[in-house]
Amino acid sequence: MISTINRHARVCPECGNPKVSHNKEKGEIICIDCGLVLEEKMVDFDKEWREFDSNDTSQRRSGAPMTYTQEDRGLGTQVGVKSDLSKFDRRTKQKFYRFRKWQSRVASGLEHNLREALAEIKRISSNLNLPKVVEEEAARIYTLAAQRGLVRGRSLEEVAAGAIYISCKINEIPKTLNEISDVSGIIKNEIIKNSKFVARELNLKVLPINPVNYINKFASYLELSPKTQTKAVQIIHKAQKEGMTSGKSPRGIAASSLYAACLICGEKKTQSKIAEITGVTEVTIRNSFKEMADKLKLRKEVEKGSKIFKQTKETKKKAVTA
DNA sequence: ACACGTAGAGAACTGGT
DNA sequence: ACCAGCACTCTACGTGT
């Protein structure tokens, strides 16, 4: 989890330097070149020195896990609410009320902003039924943006919606701008504008997914042989070399390459079956396959595969009738 | 049932003004 | 900031095998 959510923050957005220094005492990650603080208020994940159980010699940490979905990352202390104070006498209660008042007063502008924005991110995520990891990533992106002063002069709701959009893309969650716009109440253009701005300033690379990553999963659902899988990967590599994959849906590329590989290896699966598993339509598979077959000269291989498929089908038939 | 083709519409992005 | 244009994908058909 930690490695996932921190993976985008290791290159300095200011000078592009990948060399960063981790100052554990201050809980900061700093660029060695320009000194820019990339991340602050980090948590030390080293061993806990205390022991709470004499029988247990292993050293443990305690408390709830750290989360970016709270402005203090779930690590802060909150002075109790009224119900917690019921057991105290009047004087003690008044003391705690004063503490609470001061706690809210001393909270910085950034903390107030984060509290509002993270609540908004939580609300949008919940309405869109987004996985926890997407909410966490969006919260992390917003927190970094706020720490770098990118929210200043912008509406926090707009930046929050932008963070959600980036997070969905990073985590491969197919949510459309319209859906995010409907739930957040922010117009599409503003979401695009803010997500681009934040991604650029934080040096977040929202790269398209490599279609090869899908092959194993889809092939397993389709119960394809390792030979067909390898062929599909080869086809994708060829297509990538020919520059056929840019701008296209990686799922579509994976689907059509699997379809082609099935035909070539004589392991026929229908377009509708592959479409069902891969989550793209038959039309997308057809169009993409047609382009691949033409540009990568797969026609001959496909014909050969079809012959093998027919032969094996006939021998199976004969075996059954015999 | 499956493969293939087409039309029209929508979503997302890009570039020009 | 706005808009037009573009490439891509989708739905919804019809047709052929």
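On a predicted model such as this, the values are computed, not experimentally measured, just so you know.
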Could you state the atom-to-atom distance from [atom1] of [X] to [atom2] of [N] in whole Å?
X	N	atom1	atom2	value
A/Met244	C/dT9	CE	C1'	16 Å
A/Lys196	B/dT14	NZ	P	5 Å
A/Glu291	B/dG5	CD	P	14 Å
A/Met292	B/dC4	CE	P	15 Å
A/Phe289	B/dC2	CZ	P	17 Å
A/Glu276	C/dT11	CD	C1'	17 Å
A/Ile192	B/dT14	CD1	C1'	11 Å
A/Gln271	C/dT17	CD	P	17 Å

Which atom pairs, one a donor and one an acceptor, fall under 3.5 Å between side chains of residues 188-198 of chain A and the rest of the protein, sequence neighbours left out?
residue: A/Glu190; atom: OE1; partner: A/Lys193; partner atom: NZ; Å: 3.3
residue: A/Glu190; atom: OE2; partner: A/Lys193; partner atom: NZ; Å: 3.1
residue: A/Asn194; atom: OD1; partner: A/Arg154; partner atom: NH1; Å: 3.3
residue: A/Asn194; atom: ND2; partner: A/Glu190; partner atom: O; Å: 2.7
residue: A/Ser195; atom: OG; partner: A/Ile191; partner atom: O; Å: 3.0
residue: A/Ser195; atom: OG; partner: A/Ile192; partner atom: O; Å: 2.9

Query raised in the report: Counting just side-chain N and O atoms, does A/Tyr259 come under 4.0 Å of either OP1 or OP2 of B/dC2?
Result: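 No, no such contact exists.
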Query raised in the report: Is A/Lys290 near enough to B/dT6 that one of its side-chain N or O atoms lies under 4.0 angstrom from OP1 or OP2?
Result: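 Checking A/Lys290 against B/dT6: no side-chain N or O falls below 4.0 Å of OP1 or OP2.
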[X] to [Y] - nearest heavy-atom pair and separation:
X	Y	value
A/Ser288	A/Gly252	OG-O, 4.1 Å
A/Thr278	A/Arg251	O-NH1, 3.0 Å
A/Ser125	A/Ile164	OG-CD1, 3.4 Å
A/Ala161	A/Ile124	CA-CD1, 4.4 Å
A/Ala255	A/Ile274	O-CG2, 3.7 Å

Mind checking if [X] touches a base, just sugar-phosphate, or nothing, with heavy atoms under 4.0 Å?
X	value
A/Tyr165	sugar-phosphate
A/Lys273	nothing
A/Leu177	sugar-phosphate

Might you list the N or O atoms of the protein lying below 3.5 Å from N or O atoms in nucleotides 1-3 of chain C, with each pair's distance?
residue: C/dA1; atom: OP1; partner: A/Lys193; partner atom: NZ; Å: 2.9
residue: C/dA1; atom: OP2; partner: A/Lys193; partner atom: NZ; Å: 3.3

Taking only the side-chain heavy atoms of [X] (C-beta and beyond), determine which of [options] contains the nearest atom.
X	options	answer
A/Ser249	C/dT9, B/dA3, B/dA12	C/dT9
A/Arg286	B/dA3, B/dC4, C/dC8	B/dC4
A/Thr281	C/dT11, B/dC2, C/dC8	C/dT11

Report task. State, with a plain yes or no, whether a side-chain heavy atom of A/Val212 is found less than 4.5 Å away from one of A/His237. Result ->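 Yes - at least one pair of side-chain heavy atoms lies under 4.5 Å apart.
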Requested in this report: Would you kindly compare A/Asn287 and A/Val283 by the position of their nearest DNA chain C nucleotide and give the one closer to the 5′ end?
Outcome: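 Residue closer to the 5' terminus by nearest nucleotide: A/Asn287.
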